[in-house]
Every structure is written in structure tokens, then in C-alpha cells.
Amino acid sequence: MNTRTRTREEIRVGSRTVPLSNPDKELFPDDGITKAELIDYYRGIAPLMLSHLRGRPLVMERYPDGYEGNSFYHKDVPDYFPDWIRTVRVPKEGGHLTMAVCDDTATLVYLANQACITPHPWLSPADCLDCPDRLVFDLDPPDSARDGFESVRWGARRLGDLLTELGLRPALMTTGSRGLHLLVPLDRRTDFDTARHFARRVADLLAARHSDRLTTEVRKNKRRGRLYLDTQRNAYAQTSVAPYAVRARPHAPVATPLAWTELDDPELGPRRWTLRTLPERLDKHENPWKDLSRCRRSLDRARHHLNDLA
């Protein structure tokens, strides 16, 4: 019997048995990408991806009817989740949330079976919720950009240079959506208010230097065709798309870590790699973020440098 035709089956992932439902459901119907293929992708990418998910509260971006259907962001863990999935109680105004933490491959597979196309981890670990261990700068191009991806590429170089000048070690990633993310690893000694204020000051300084091309203006109607330097993710309870996560966009693009030298690749774009093409990239290229944990820095010295520049 072909087990793929059953409405429900199970797979063994490590020491866990993970139930699957409707594995032949097409989540990306234009490409015939099924839930089973999404599960296979996340199972294969887990060794690289889990280092960016482990120990963090997680928001699940779920698409039970496929990426073009109704979707929702799921924060609270449902009662039907198995008890082997780790959870953490997260304080919020007026109460708390019980959120999932993805510590192993079985959990990642289970979330994919829940049609969680994109996991969004917190910027802080569960054991120190108020202290981020990364900053995220989101480079968001204007809808009217005539130069396509070039404005994003140009802005990433300038922002990367400024952060390096401040003594930090920024990392680069395609978002799988519109632009690029610059991620700055931190040493977990800074609270969110301090980190957010620093990120905004960096963005404001760079935008002031290049006011014709860059902006920190939140309102789209006031950006006047400039690249938006978005720092708003750097706050308590905010999330960022996980490295190697699939995005709910045509052809299932993947948020992909980059080496800085790849910024010069003329074929680079925010959706350069997909669920189906990323494995080939990994076969040919070394993990550009393999030493990311060694890049953690304190913001104290960077703040002093920023004061001097400002």
C-alpha cells in the first residue's frame, strides 16, 4: 500500500514519533509543493536551522489552506500539541502566553505538519527574555523602486560598513520576501530598550548621511522612494524570520544567510533561493554563518563610538 495516499500517517524523527496529517495537501499549488515536501525540507535543514531557534519562544505563521489561503500567527500553544514539545510561559500585559520552543528536529517537523510555513523566533532566549542576543535591521525597498534590488544592495553595504566601524560584526541574510536583513549578534548584557534605542540611532545617522536614498520614516507616504531602514523589530515580544525559513510567497523562497562577498553577485535577490534550490547551494557552499556565535559583541563600546560619530 502507498502510505502517502493515507489521510494520516506517522514518521520517526530521532526518538519521537511525529503524526502527519494530509501530507499530500499542496501548500504551494503553482509548484506542486506539498506539506510532505515542506516537512522533508525542514527535516533536512534542521542541523543548520536549530541553532537559530533553540531556546527561543516561537511564533508560528500558519497556512492551513496553502500560502495563498487564510493564515494566522499562532503564539499560544494549543492543547492538542504533544507534551514532548518544550514550552515557556511568557509574561504579557494582563497575563501570560504559553509559547512553543523549537529545540529539536521532531518539533520542527511537527510544526511543519501544522502548516507552519514560517517560524518566527524571538530575539531573546527563554532564559533571559528581556535581554536580546541579536539586533535586526530590515532593509525594505520602496514599492516604486526602479532599480530593483540595487537600492537594497547599496544600503546593506553602507549599513554593514557603519556597524563594523562601531566594532560590531553584522551578518547578512536574504529575507525570502522583499529585502535583506542585517543581524548583529550581542552578548546578552543589554536590555531591549537600550538595544532598540541604539539601533534607531544607527539608522538615523546613516539616513542623515544619505538622506536622498535612505529613510527611517515609518509612514510609507513620506518615504519618497527611499530605502527604509526598519529597526522596529528590536523590542520585547517582537520576532524576526528565522534563517533558512520558508516564506509564504510564490515558489517557496527561503530566508538565506549570506557571506558579505555575495552582495556583489549580480544574480542576488531577496528570493534568490527556494525550498527546492537551497539544498544545492548548501552542497556547494560552506555555511557562511558557521562562526556567528563568535561574533557576539557588547553594545557598550559601540555606543561610545556612535556618540563620537554623532
Side-chain angles (χ1 to χ4, degrees), residues 59-63 67-75 117-123 132 134-163 170-184 192-193 195-243 245-256 258 263 268-273 306 310:
V59 175
M60 300 166 277
E61 186 180 355
R62 297 176 61 181
Y63 290 80
Y67 89 96
E68 293 181 308
N70 292 329
S71 65
F72 57 98
Y73 286 86
H74 209 159
K75 297 181 180 180
I117 290 179
T118 311
H120 297 265
W122 275 36
L123 302 183
R134 55 192 60 190
L135 287 177
V136 173
F137 294 83
D138 183 3
L139 278 61
D140 186 12
D143 295 333
S144 59
R146 296 180 179 180
D147 56 356
F149 193 66
E150 286 307 309
S151 63
V152 181
R153 196 193 307 265
W154 183 90
R157 288 194 185 98
R158 272 63 190 178
L159 181 55
D161 288 344
L162 176 55
L163 291 167
L172 188 66
M173 182 179 80
T174 68
T175 62
S177 180
R178 287 169 45 84
L180 292 172
H181 279 181
L182 268 68
L183 183 147
V184 181
F192 268 110
D193 287 343
R196 182 184 178 98
H197 181 64
F198 172 83
R200 180 56 189 261
R201 287 186 64 208
V202 169
D204 283 341
L205 175 60
L206 192 63
R209 288 179 175 179
H210 307 282
S211 58
D212 59 327
R213 302 189 67 167
L214 303 175
T215 183
T216 56
E217 176 57 61
V218 175
R219 289 167 291 186
K220 286 188 176 183
N221 62 349
K222 293 196 173 183
R223 294 179 191 168
R224 303 197 306 274
R226 295 170 292 176
L227 180 71
Y228 176 41
L229 304 177
D230 185 359
T231 62
Q232 295 193 89
R233 299 177 187 277
N234 300 292
Y236 180 82
Q238 295 297 309
T239 65
S240 181
V241 61
V246 179
R247 305 306 303 274
R249 303 288 187 273
H251 314 304
V254 173
T256 306
L258 303 172
L263 202 55
L268 181 65
R271 305 181 188 182
R272 174 70 175 80
W273 291 279
L306 183 59

When every non-hydrogen atom of Thr174 is compared with those of Gly269, the smallest separation belongs to CG2-O, 3.6 Å
Please answer whether the main-chain N or O of Pro270 pairs with a side-chain N or O of Thr175 as donor and acceptor at a distance below 3.5 Å.
-> no
Just by distance, do the side chain of Arg153 and the backbone of Leu263 share a donor-acceptor pair under 3.5 Å?
-> yes
Where do Ala255 and Val241 come nearest, in terms of heavy atoms and distance?
-> CB-CG2, 4.3 Å
Can you measure from CG (Leu206) to OG1 (Thr215) and round to the nearest 0.5 angstrom?
-> 11.5 Å
So, do Asp138 and Arg233 sit near enough that their side-chain heavy atoms are less than 4.5 Å apart?
-> yes
Within a reach of under 6.0 Å around NE2 of His251, are more than 12 heavy atoms found that belong to other residues, nucleotides or ligands?
-> no
With sequence neighbours left out, write down each residue that passes ring pair (Phe, Tyr, Trp, His ring centres under 6.0 Å) with Phe198, or none if nothing qualifies.
-> none
Taken to the nearest 0.5 Å, the spacing of Ile117 CD1 from Tyr67 OH works out to 9.5 Å
Using 30° and 60° as the class limits, which term best fits the ring planes of Phe192 and Tyr236: parallel, tilted or perpendicular?
-> perpendicular
Do Arg196 side-chain atoms and Gln232 backbone N/O form a donor-acceptor pair below 3.5 Å?
-> yes
Taking atom CZ of Arg226 and atom OG of Ser151, what is their separation to the nearest 0.5 Å?
-> 12.5 Å
Yes or no on side chain to side chain contact (heavy atoms under 4.5 Å, CB included) for Leu205 and Arg209, after CA distance, side-chain angles and deciding distance?
-> CA-CA 6 Å; Leu205 175 60; Arg209 288 179 175 179; 4.2 Å; yes
Provide the closest heavy-atom pair for Phe149 versus Leu268 in the form atom of the first, atom of the second, distance.
-> CD2-O, 3.4 Å
Side chain Arg247, main chain Thr118, donor-acceptor under 3.5 Å = no
Student check: side-chain heavy atoms of Val202 and Leu162 closer than 4.5 Å = yes
For Trp154, which residues count as a ring pair (Phe, Tyr, Trp, His ring centres under 6.0 Å) partner, sequence neighbours excluded?
-> His210
Apply side chain to side chain contact (heavy atoms under 4.5 Å, CB included) to Leu139 and Leu229, showing your working.
-> CA-CA 5 Å; Leu139 278 61; Leu229 304 177; 4.1 Å; yes
Less than 4.5 Å apart, any side-chain heavy atom of Arg249 and any of Ser177?
-> yes
Are Leu182 and Val136 close enough that some pair of their side-chain heavy atoms sits under 4.5 Å apart?
-> no
Rounded distance (nearest 0.5 Å) linking atom CZ of Arg158 with atom CG of Leu227 = 11.5 Å
Between the OH atom in Tyr73 and the CZ atom in Arg62, the distance rounded to the nearest 0.5 Å is 13.5 Å
Which pair of heavy atoms, one from Gly176 and one from Arg271, lies closest together, and at what distance?
-> O-CG, 3.5 Å
Decide side chain to side chain contact (heavy atoms under 4.5 Å, CB included) for Arg178 and Asp140; before the verdict, give the C-alpha distance in whole Å, the side-chain angles of both, and the deciding distance to 0.1 Å.
-> CA-CA 7 Å; Arg178 287 169 45 84; Asp140 186 12; 2.9 Å; yes
Kindly indicate whether the side chain of Leu163, heavy atoms from C-beta on, has any atom under 4.5 Å from the side chain of Leu135.
-> no
Taking atom CG of Asn70 as the centre, report whether more than 12 heavy atoms of other residues, nucleotides or ligands fall under 6.0 Å from it.
-> no
Distance-minimising heavy-atom pair for Gly155 and Leu214 | CA-CD2, 4.4 Å
Measure the shortest side-chain to side-chain distance between Lys75 and Val59 over non-hydrogen atoms and say whether it is less than 4.5 angstrom.
-> yes
Among Pro243, Ser240, Pro170, find the residue that satisfies the side chain to side chain contact (heavy atoms under 4.5 Å, CB included) test when tested with His181.
-> Ser240
Can any side-chain N or O of Arg223 pair as donor or acceptor with the backbone N or O of Val218 at less than 3.5 Å?
-> yes
Would you name the heavy atoms of Ser71 and Tyr63 that are closest together and state the gap between them?
-> CB-CE2, 3.2 Å
